[in-house]
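Here's the structure, in structure tokens; my notes come after.
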Amino acid sequence: MRLTKLFGKTQREIPAEADTISHQLLLRTGMVNQVTAGVYTIMPLAWRSLKKIENIVRDEMNKADGQEITMPVLQPLELWQKSGRAEILGKTLFTFNDRREHSLILGPTHEEVVTELAARHVQSYRDLPLMVYQIQTKFRDEPRPRAGLVRLREFVMKDLYSFDVDEAGVEISYQKMLQAYENIYKRCGLKAIIVEADSGAIGGKFSHEFMLPTESGEDTVISCPKCGYTANAEKAVFNKGATKSDPPAAIEEVATPGRKTIEELEAFLKISARQTLKAVFYMADNKFVFVVIRGDLLVNEIKLKNALHCQELRLATDAEVKEQGIVAGSASPVGLKGIMVVADDSVNSGTNFIAGGNKPDLHIKNVNYPRDFHADIVADIGLAEAGSRCAKCNSKFGAVRGIEVGHIFVLGTIYSTKLGANYIDAAGVSHPIVMGCYGLGLSRLLAAAIEQHHDDKGIIWPMPIAPYQVYLCPLYREGTKVAETAEKINAELEAAGLEVLFDDRLESPGIKFNDADLYGIPLRITISPRTLEKNSVEVKWRAEKEAKIMPIEGIASVIKQMVSEKL
RNA sequence: CGGGGCGUAGCGCAGUCUGGUAGCGCGCUUGGUUCGGGACCAAGAGGUCGGCAGUUCAAACCUGCCCGCCCCGACCA
């Protein structure tokens, strides 16, 4: 490809729109063009990379016995009402009416369609196991699109659905996918961490996420350096440790003038936060919830949401707290009536806690569970952080940010039951099909790859997903031997089957080198009067500092070899 | 949806407070000189100042309403 003909120009300045590195580089290289929030046109270079990712994914899906199909973007809303997900997704679902006033949606994912498909085409245990997948554009009206291609409203995703006769069967399918995903990231030149994940509102038993570590990631990954436990912070379990466990003493009031926060209490009473109980207030589906947790811990809202089985959870407003007759800053679970109380299991980690007195400037000592207060639910609702202790080996956790580039989980029979996807076993008995689903965001993977592979000059593409393999960079003068040689080498490289981006512009060396670095094509070949004197060219990896001088004679096969080794 | 920021040429920005004929840099076009890490000279093209309404002799600038984009949070199937 000649750069003079390439659609999409580089841009020197960082676009004001973009905060995230990948977003900035995608815009500066002219790889994408924003149309509206969370919606982009994919330009030629990005399209080539996306296709390469897609082909790797497709190949691995096929190897794992997946069969490719394509399912429609347009789906009847009715189908989503049947599965109950219309309500769960709410405004995230793009909904509109057709000319007959039938409600349609733009598919945000395809569990419903594929389950109906299976209901119709799978009858017998002999039809199972079955794995079908598609690579399709999906639509989700995200509350907040973000960071260029990281969180889009229209994006390309691969999803595979597995159908098995039982739990044992789906475990095999699941393991196959786990392996396929590992292969995919590896083949794309990306380092992904596999983490235990929360499976969300419709989860099943297992769920794993694949995270590419990067600062701009949306998720926090907790990992144990010693035993290797890794999990999304949403899900991570940890050892909260015990605190002082003297025999329970009698409750006692203690004046705490002006002290409201745990820190203030620590300083004033000369005690550790671990010795206190903290109150946090939420509205769960518009019902007030009083949450109690040990003072040194934070509430994990995902865990809390799961414990409450609610759909909407948010912090209560000051007014809502007041309405319940609770004194913020001195709130206490002791003596509460008619209010839902959820306690973190850390209330059992010690005795004689300090809690609020439910009056301003007053706290109470020696509070013990369950002696002194009632909890409707006691569960693990603590948030693991860097420095928390591993539940398995008690080492200190580390934490990194990551972009979720894949999520796989066992669905069980949730959809097959609702949508009537059954099979007949050998004894003639009907059972719901056991399902799994396995998603992988391709557009997001492209962005994540740039997040993981760049420097201050630009992108550094891994060879397998680079838009082009070789950047041919003659330092030009028209009608000179350099020009002539460059043309010849370009032809030879292309004849050897290499993908060449040929910088045939009449630009100064500075501009060409800087653009080459920005584009991040893995191999750069420079031709100049200087190299021609020695009948040679200069060959440089984008990822390395030093260049090598190589003879022009036979250059195509040498380059071919170098490229192949990185594929 | 709550909080914050922004909207002026393809991109980055100034001008808005204090109303008076829209500017700078990059990029683009033409010609010339340059040529190993974002060269230089000269001449040009390019704008419904996000939209609508209002105030005014006069609005990019003041007022009101609306729209869009970005960031933090909520949310993330």
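Judged purely by atom type and a 3.5 angstrom limit, A:Gln34 uses its side chain to pair as donor or acceptor with the backbone of A:Thr36. Counting only distance, with no hydrogens or angles, the side chain of A:Lys540 and the backbone of A:Glu544 share a donor-acceptor pair below 3.5 Å. Judged by distance alone, the side chain of A:Tyr185 and the main-chain N or O of A:Val405 form a donor-acceptor pair under 3.5 Å. For the pair A:Lys512 (side chain) and A:Asp503 (backbone), a donor-acceptor distance under 3.5 Å is present.
Nucleotides B:G12 and B:C70 place their P atoms 13 Å apart, quoted to the nearest Å. Rounded to the nearest Å, the gap between the C1' atom of B:G4 and that of B:G64 is 22 Å. Comparing the same atom, C1', in B:G54 and in B:C61 gives a spacing of 15 Å after rounding to whole Å. Separating the P atom of B:C28 from that of B:G23 is a span of 23 Å, rounded to the nearest Å. For the P atom pair drawn from B:A74 and B:A60, the interatomic distance equals 42 Å after rounding to whole Å. The same atom, P, is picked in B:A58 and in B:U21; the two are 15 Å apart, to the nearest Å. Between B:G25 and B:A42, the distance separating the two P atoms is 12 Å to the nearest Å. Comparing B:U16 with B:C6, their C1' atoms sit 14 Å apart, to the nearest whole Å.
Remark: C1' of B:G12 and CG of A:Leu27 are 13 Å apart, rounded to the nearest angstrom. Atom P of nucleotide B:G68 and atom CD of A:Glu17 are separated by 14 Å, given to the nearest angstrom. Computed from coordinates, the A:Leu152 CG to B:C69 P distance equals 13 Å when rounded to whole Å. As rounded to whole Å, 6 Å separates atom C1' of B:C71 from atom CG of A:Asp19. Taking atom CD on A:Glu142 and atom P on B:C75, their separation rounds to 13 Å, with Å as the unit. The distance from atom CD of A:Glu301 to atom P of B:A74 is 6 Å, rounded to the nearest whole Å. Between A:Glu215 atom CD and B:C72 atom P the separation is 13 Å, expressed in whole Å. As rounded to whole Å, 12 Å separates atom P of B:G31 from atom CG of A:Leu506.
B:C62 is paired with B:G54 under the criterion used here, namely a Watson-Crick or G-U wobble arrangement in which both key atom distances are under 3.5 Å. Using the Watson-Crick or G-U wobble rule with both distances under 3.5 Å, B:C28 pairs with B:G44. In this structure B:A14 sits in no base pair that meets the Watson-Crick or G-U test at under 3.5 Å. Base-pair partner of B:U33: B:A39 (Watson-Crick or G-U wobble, both distances under 3.5 Å). Here B:G2 sits opposite B:C72 as a Watson-Crick or G-U wobble pair (both hydrogen-bonding atom distances under 3.5 Å). Across all strands shown, B:C67 is found opposite B:G7 as a Watson-Crick or G-U wobble partner, with both distances under 3.5 Å. With a cut-off of 3.5 Å on both pairing distances, B:U21 has no Watson-Crick or G-U wobble partner at all.
A donor-acceptor contact closer than 3.5 angstrom is absent between the side chains of A:Trp80 and A:Glu112. Counting only N and O atoms by type, the side chains of A:Glu451 and A:Ser22 include a donor and acceptor under 3.5 Å apart.
Minimum atom distance to the side chain of A:Glu13 is reached by B:G12, of the listed B:G36, B:G68, B:G12. Listed nucleotides: B:G36, B:C70, B:A74. Nearest to the side chain of A:Ala37: B:C70. The listed nucleotides are B:C76, B:A39, B:G36; the one nearest the side chain of A:Arg151 is B:C76. The listed nucleotides are B:G37, B:G36, B:A74; the one nearest the side chain of A:Lys457 is B:G37. Among B:C28, B:G73, B:G36, the nucleotide with an atom closest to any side-chain atom of A:Pro509 is B:G36. Nearest to the side chain of A:Phe513, among B:A74, B:G36, B:G12, sits B:G36.
Residue A:Arg524 is in base contact, counting any heavy-atom pair closer than 4.0 Å across all strands shown. Residue A:Ala547 is out of contact with every strand shown, counting any heavy-atom pair closer than 4.0 Å. Base engagement by A:Thr531 is indicated by at least one non-hydrogen atom pair under 4.0 Å involving a base atom.
Side-chain nitrogen and oxygen atoms of A:Arg12 include at least one within less than 4.0 Å of the OP1 or OP2 phosphate oxygen of B:G27. For the pair A:Arg144 and B:C72, the criterion of a side-chain N or O lying under 4.0 Å from OP1 or OP2 is met. Residue A:Lys305 places at least one side-chain N or O under 4.0 Å from the OP1 or OP2 atom of B:C76. Between A:Ser528 and B:G36 there is no side-chain polar atom (N or O) within less than 4.0 angstrom of OP1 or OP2. The side chain of A:Gln34 places an N or O atom within less than 4.0 Å of a non-bridging phosphate oxygen (OP1 or OP2) of B:C70. In this structure, A:Thr526 does not reach the B:G36 phosphate: none of its side-chain N or O atoms is under 4.0 Å from OP1 or OP2.
Residue side chain A:Gln11 does not reach the base of B:G12 through any donor-acceptor N/O pair under 3.5 Å, judged by distance alone.
Taking 4.0 Å as the cut-off between side-chain N and carboxylate O, A:Glu487 and A:Arg2 count as a salt-bridged pair.
Dense packing is recorded around CD of A:Glu68, with more than 12 heavy atoms of other residues, nucleotides or ligands lying under 6.0 Å away.
Both cation-pi conditions hold for A:Arg48 and A:Tyr468: the charged atom is under 6.0 angstrom from the six-membered ring centre and inside a 45 degree cone around its axis.
Comparing A:Asn514 and A:Lys9, the nucleotide of RNA chain B nearest to each residue sits closer to the 5' end for A:Lys9. Where A:Asp141 and A:Arg505 each meet RNA chain B at their nearest nucleotide, the meeting point lying more 5' is that of A:Arg505.
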